[in-house]
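Encoded as structure tokens, the structure appears first; notes follow it.
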Amino acid sequence: MIDKAKVRQAVALLLEGIGEDPGREGLRETPDRIARMYEEIFEGMDQNPREVLEKTFEASNSGIVLEKDIVFYSICEHHLLPFYGKAHVAYLSGGRVVGLSKLARTVEIFARRPQIQEQLTVQIADSIMEYLKPEGVMVMLEAEHMCMTMRGIKKPGALTVTLAVRGAFENDPHLQEEFWRMMGR
């Protein structure tokens, strides 16, 4: 649960720290706006992926299920700047499938936390393995990080790609090839 009073205090101190007057007209409501925004963008802190992945449906012989191009936004825990991109989530059904929106919701739950991309990728894959219990999972994230675009190295357009492979996908090159074919690569 976001403590909006503490966020408001912190933002006011931050504004003072950079030499601004938090009482001036343009900034007067900024601490409250930031507190409300943080409540929204960090709502995943209070959510459990089990709740979205536990309702499944029987689907024998369903093969690989791939949901690709799931747009996500997250906040880098190192710089508190956004990173954003697309998630591609595939699983090999063990006879049960989940509603397609539930894969995107799982991505959102973990993306809406202070995060690093490497951890985000693993959390998505591991939660699907744990709660959906498929034969295997592959999760790939492609993202641009504002901490590399706005500051530091200043390389806009550079994408970071992370991959988590679990279960049957780990040892079966044919399943991996099928994933890449379905991705169009």
N/O donor to acceptor pairs below 3.5 angstrom from side-chain atoms of residues 65-83, sequence neighbours left out:
{"from": "K68", "atom 1": "NZ", "to": "M182", "atom 2": "O", "distance (Å)": "3.3"}
{"from": "S74", "atom 1": "OG", "to": "A111", "atom 2": "O", "distance (Å)": "2.6"}
{"from": "S74", "atom 1": "OG", "to": "R113", "atom 2": "O", "distance (Å)": "3.4"}

Hits for side-chain contact (heavy atoms from CB on, under 4.5 Å) against E142, two or more places apart or cross-chain, chain-then-number order -> H88, M140, V161, R185
Under 3.5 Å, which donor-acceptor pairs link side chains of residues 120-135 to any protein atom two or more places apart or in another chain?
{"from": "T121", "atom 1": "OG1", "to": "Q117", "atom 2": "O", "distance (Å)": "2.9"}
{"from": "T121", "atom 1": "OG1", "to": "T162", "atom 2": "OG1", "distance (Å)": "2.5"}
{"from": "Q123", "atom 1": "OE1", "to": "Q115", "atom 2": "NE2", "distance (Å)": "2.7"}
{"from": "D126", "atom 1": "OD1", "to": "R166", "atom 2": "NE", "distance (Å)": "2.6"}
{"from": "D126", "atom 1": "OD1", "to": "R166", "atom 2": "NH2", "distance (Å)": "3.3"}
{"from": "S127", "atom 1": "OG", "to": "Q123", "atom 2": "O", "distance (Å)": "3.1"}
{"from": "S127", "atom 1": "OG", "to": "I124", "atom 2": "O", "distance (Å)": "3.0"}
{"from": "K133", "atom 1": "NZ", "to": "E130", "atom 2": "O", "distance (Å)": "2.7"}

[X] [atom1] to [Y] [atom2] distance, which is reported to the nearest 0.5 Å:
X	Y	atom1	atom2	value
M138	F169	CE	CZ	6.5 Å
Y91	L53	OH	CG	9.0 Å
H174	Q176	NE2	CD	10.5 Å
I34	R8	CD1	CZ	12.5 Å
D172	L92	CG	CG	9.0 Å
R105	Q47	CZ	CD	9.0 Å

Nearest heavy-atom neighbours spanning I109 and P49: CD1-CA, 3.8 Å
How close do A158 and M148 get, counting heavy atoms only, and between which atoms? CB-CE, 4.2 Å
Treating Ile, Leu, Val, Met, Phe, Trp and Tyr as nodes and any side-chain heavy-atom pair under 4.5 angstrom as an edge, say whether [X] and [Y] lie in one connected cluster.
X	Y	result
Y84	V107	no
L163	I64	yes
L141	F110	yes
V139	M183	no
V165	L175	yes

Just wondering, are more than 12 heavy atoms of other shown residues or ligands nearer than 6.0 Å to CE in M37? yes
Do other residues, nucleotides or ligands put more than 12 heavy atoms under 6.0 Å from M150 CE? no
Candidate pair R181 and E178, rule salt bridge (charged side-chain N to carboxylate O under 4.0 Å, His left out), full reasoning: CA-CA 5 Å; R181 187 190 65 69; E178 183 67 9; 2.5 Å; yes
Considering only distance and modelled atom types, tabulate donor-acceptor pairs under 3.5 Å from the side chains of residues 96-103, sequence neighbours left out.
{"from": "R96", "atom 1": "NE", "to": "T56", "atom 2": "OG1", "distance (Å)": "2.9"}
{"from": "R96", "atom 1": "NH2", "to": "T56", "atom 2": "O", "distance (Å)": "2.9"}
{"from": "R96", "atom 1": "NH2", "to": "T56", "atom 2": "OG1", "distance (Å)": "3.1"}

Ignoring hydrogens and angles, write down the donor-acceptor pairs under 3.5 Å from the side chains of residues 9-28, residues two or more places apart or on other chains.
{"from": "E20", "atom 1": "OE1", "to": "R24", "atom 2": "NE", "distance (Å)": "2.9"}
{"from": "E20", "atom 1": "OE2", "to": "R24", "atom 2": "NH2", "distance (Å)": "3.2"}
{"from": "D21", "atom 1": "OD1", "to": "G23", "atom 2": "N", "distance (Å)": "2.8"}
{"from": "R28", "atom 1": "NE", "to": "G23", "atom 2": "O", "distance (Å)": "3.1"}
{"from": "R28", "atom 1": "NH2", "to": "G23", "atom 2": "O", "distance (Å)": "3.4"}

So which of K4, R112, R33 actually passes salt bridge (Lys or Arg N to Asp or Glu O under 4.0 Å) with E39? K4
Those residues that, when tested against T160, pass side chain to side chain donor-acceptor pair (under 3.5 Å) (two or more places apart): none
